[in-house]
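Input: a single structure, listed below in structure tokens.
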Amino acid sequence: MKQKKNILLFGITMILSLIILYFFVTGYYSVDTIRIWSQGWIDYATKDAYIRDGRLFSALIFTIVGLFDPPIMVVYIVNIILAIIILSVCVIQIYQLIERYKTLGKTKNKIIAFILSYTYIFNFLVVDILQFVDSFIIATSILLFIIAIKKIIVDKKNKVGFLLTILGVICYQGTIPVYIATAILVTLLENKKINKEYFKTIMPCAISILISAIFSVLIVNLVPIVTNIEISEVLQKMDYLRNIKVNLSDMPQIVFGTFYLFPPYVWIGIALFTIAISGIYGIKKKNIQMPIYVLMIFMAYIATLIIMLPLKQFTMHPRIAFVLGQVVSAMLIYIYCNNFKDKKMNIYEKIIVGVISIYFIVTIISIFKSTYEYKLANTIDEEFSQKIENEIVKLEEQGITINKIGINYTGNGINIKKYGPLVIKESKYISGLYVVALHEFYTGRKISSSLLLTEEQKESYFDCTNTEEIQFKNVEDILYILINL
């Protein structure tokens, strides 16, 4: 019976996820995909990112992939299917945890538990993870962490949990906040209150993640020495104080704007409403402990991001803030597991069910919309590359060879208004990044280099009053491009 239930949950999760992630499942190119394509699988795995960042599993897997050199789109599609499968297993793991702390007799309770489990894993920030060709390894890290926490807190198998924690960190260090936050939630569900027993229960998790994090730092620093490869350029240029300042200054935009992956103000609105309604419910039931713990869950999940503050800028790497997408579901899981007796729901419980339902609907719509906009950015980039190619072909027919590209931007924002903020952020054409690599990727033509079109050249070569979005001008072997946005 239990196996049939897990198969049903897995099937529902897979079908729903394949639908809302349709635009990724049918193929997507991220910046990293283009970098891998330009460098080759093996060089990217061993010289650019994975091995130098201590991600040994990624380095090993993609070195093996490089030996066969399959089409990059095929690899991405296989990768995202694997990622969805792994994350679907994560949903089942969370569902089983809820089932441990809450009797799910009626069908409505099972549906609520599924929705909470689903939004805990497939939250709006999952989009940033799934855009990458190694997302299945990041998903594996999350799964290993959840199983490790269950082994330590529920099964009291500390050694197994410790081993799984290390493996999870080796897969991807950016998910460490997920481990910490989930351990805090599960320990609270297990112990019911925060006391000496709570800290005794969570201590093995704390020790496991601390040792694993130290081990990961050692790998990052020792691998370049052992392999005679230069330390990651990202680590060389890392400015910890600047990252902290930037992340703190960006926090209002992150909290209210949610990386353009969720409707503005809605996430924080739902979070604060959940805290408020738990407070009213707690006062009504003379159970002040519940709203205090709900607020503590919210603060604890946010606080786990402190670990990442000096390391990377959140707006550039939303995936490391994955716990932000989990916190609403975490609060609702706690409320659900500690209330909702198997009888007729009162008004407060009905409101909570309403919040759960609204959050679920907004989440799946947001994921679908975000992946559409990511894919639209791909389309815009491809069309831009093709326009450049058409111009180069036309010049070649006139006996003119183009070896370099020079680009500059102008305009008052009229043309850019047709794109949403997420499309603007993700399109390399709009941002002016990787133009040469982008052109070769989409057209197969190699351009030796890209130049910056100076202000003087812009005024000399182009009619800046022209409202056309793209203007071309060739000078010798250089094709200058003025983009009016």
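Every residue was checked against the salt bridge (charged side-chain N to carboxylate O under 4.0 Å, His left out) condition with D381, not counting sequence neighbours, and none meets it. Considering only residues two or more places apart in sequence or on other chains, T201 meets the side chain to side chain donor-acceptor pair (under 3.5 Å) condition with N191. With sequence neighbours excluded, no residue forms a salt bridge (charged side-chain N to carboxylate O under 4.0 Å, His left out) with K150. For E197, the salt bridge (charged side-chain N to carboxylate O under 4.0 Å, His left out) test picks out no residue, with sequence neighbours left out. With sequence neighbours excluded, no residue satisfies side chain to side chain donor-acceptor pair (under 3.5 Å) with T274. Judged as a side chain to side chain donor-acceptor pair (under 3.5 Å), and not counting sequence neighbours, the contacts of S17 are Y118. K375 meets the salt bridge (charged side-chain N to carboxylate O under 4.0 Å, His left out) test with no other residue; sequence neighbours excluded. Remark: Y260 pairs with no residue by the side chain to side chain donor-acceptor pair (under 3.5 Å) rule, at least two apart or across chains. Annotation: side-chain contact (heavy atoms from CB on, under 4.5 Å) contacts of L295 (sequence neighbours excluded): I275, M299.
With a 4.5 Å cut-off on side-chain heavy atoms, I36 and V133 count as touching. At a threshold of 4.5 Å between non-hydrogen side-chain atoms, the residues F273 and I351 count as touching. By the 4.5 Å heavy-atom criterion applied to side chains, I335 and Y348 are not counted as neighbours. Using a 4.5 Å cut-off on side-chain heavy atoms (C-beta onward), D128 and F259 make no contact.
Ion pairing between a basic and an acidic side chain is recognised when a charged N comes within 4.0 Å of a carboxylate O; E373 and K425 show no such pairing.
Annotation: F23 is not in aromatic contact with Y374 [ring centroid separation under 6.0 Å not met].
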When the side chains of residues 169-181 are checked against the rest of the protein, which donor-acceptor pairs come out under 3.5 Å, sequence neighbours left out?
from: Y172; atom 1: OH; to: R319; atom 2: NE; distance (Å): 3.3
from: Q173; atom 1: NE2; to: D53; atom 2: O; distance (Å): 2.7
from: Q173; atom 1: NE2; to: S216; atom 2: OG; distance (Å): 3.3
from: T175; atom 1: OG1; to: S141; atom 2: OG; distance (Å): 2.6
from: T175; atom 1: OG1; to: Y172; atom 2: O; distance (Å): 2.9
from: Y179; atom 1: OH; to: T165; atom 2: OG1; distance (Å): 3.3

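A salt bridge (Lys or Arg N to Asp or Glu O under 4.0 Å) check over residues 178-196, counting only residues at least two apart or in different chains, returns the pairs R100-E190. For residues 196-219, there are no ring-ring contact (aromatic ring centres under 6.0 Å, His included) pairs, not counting sequence neighbours.
Between Y359 and F262, the ring planes are tilted. Angles from 30° to 60° get that label.
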Carefully, step by step, assess L104 and Y95 under the rule side-chain contact (heavy atoms from CB on, under 4.5 Å).
CA-CA 10 Å; L104 304 177; Y95 182 91; 3.6 Å; yes
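Environment of OH in Y409: crowded, with over 12 heavy atoms of neighbouring residues, nucleotides or ligands closer than 6.0 Å.
Checking N243, I320, D250 one by one against F314, the side-chain contact (heavy atoms from CB on, under 4.5 Å) holds for a single residue, I320. Results of the side-chain contact (heavy atoms from CB on, under 4.5 Å) test with L324 over I302, T258, L261, T304 single out I302 as the only residue that passes.
To the nearest 0.5 Å, atom OG of residue S370 and atom CD of residue Q131 are 11.0 Å apart.
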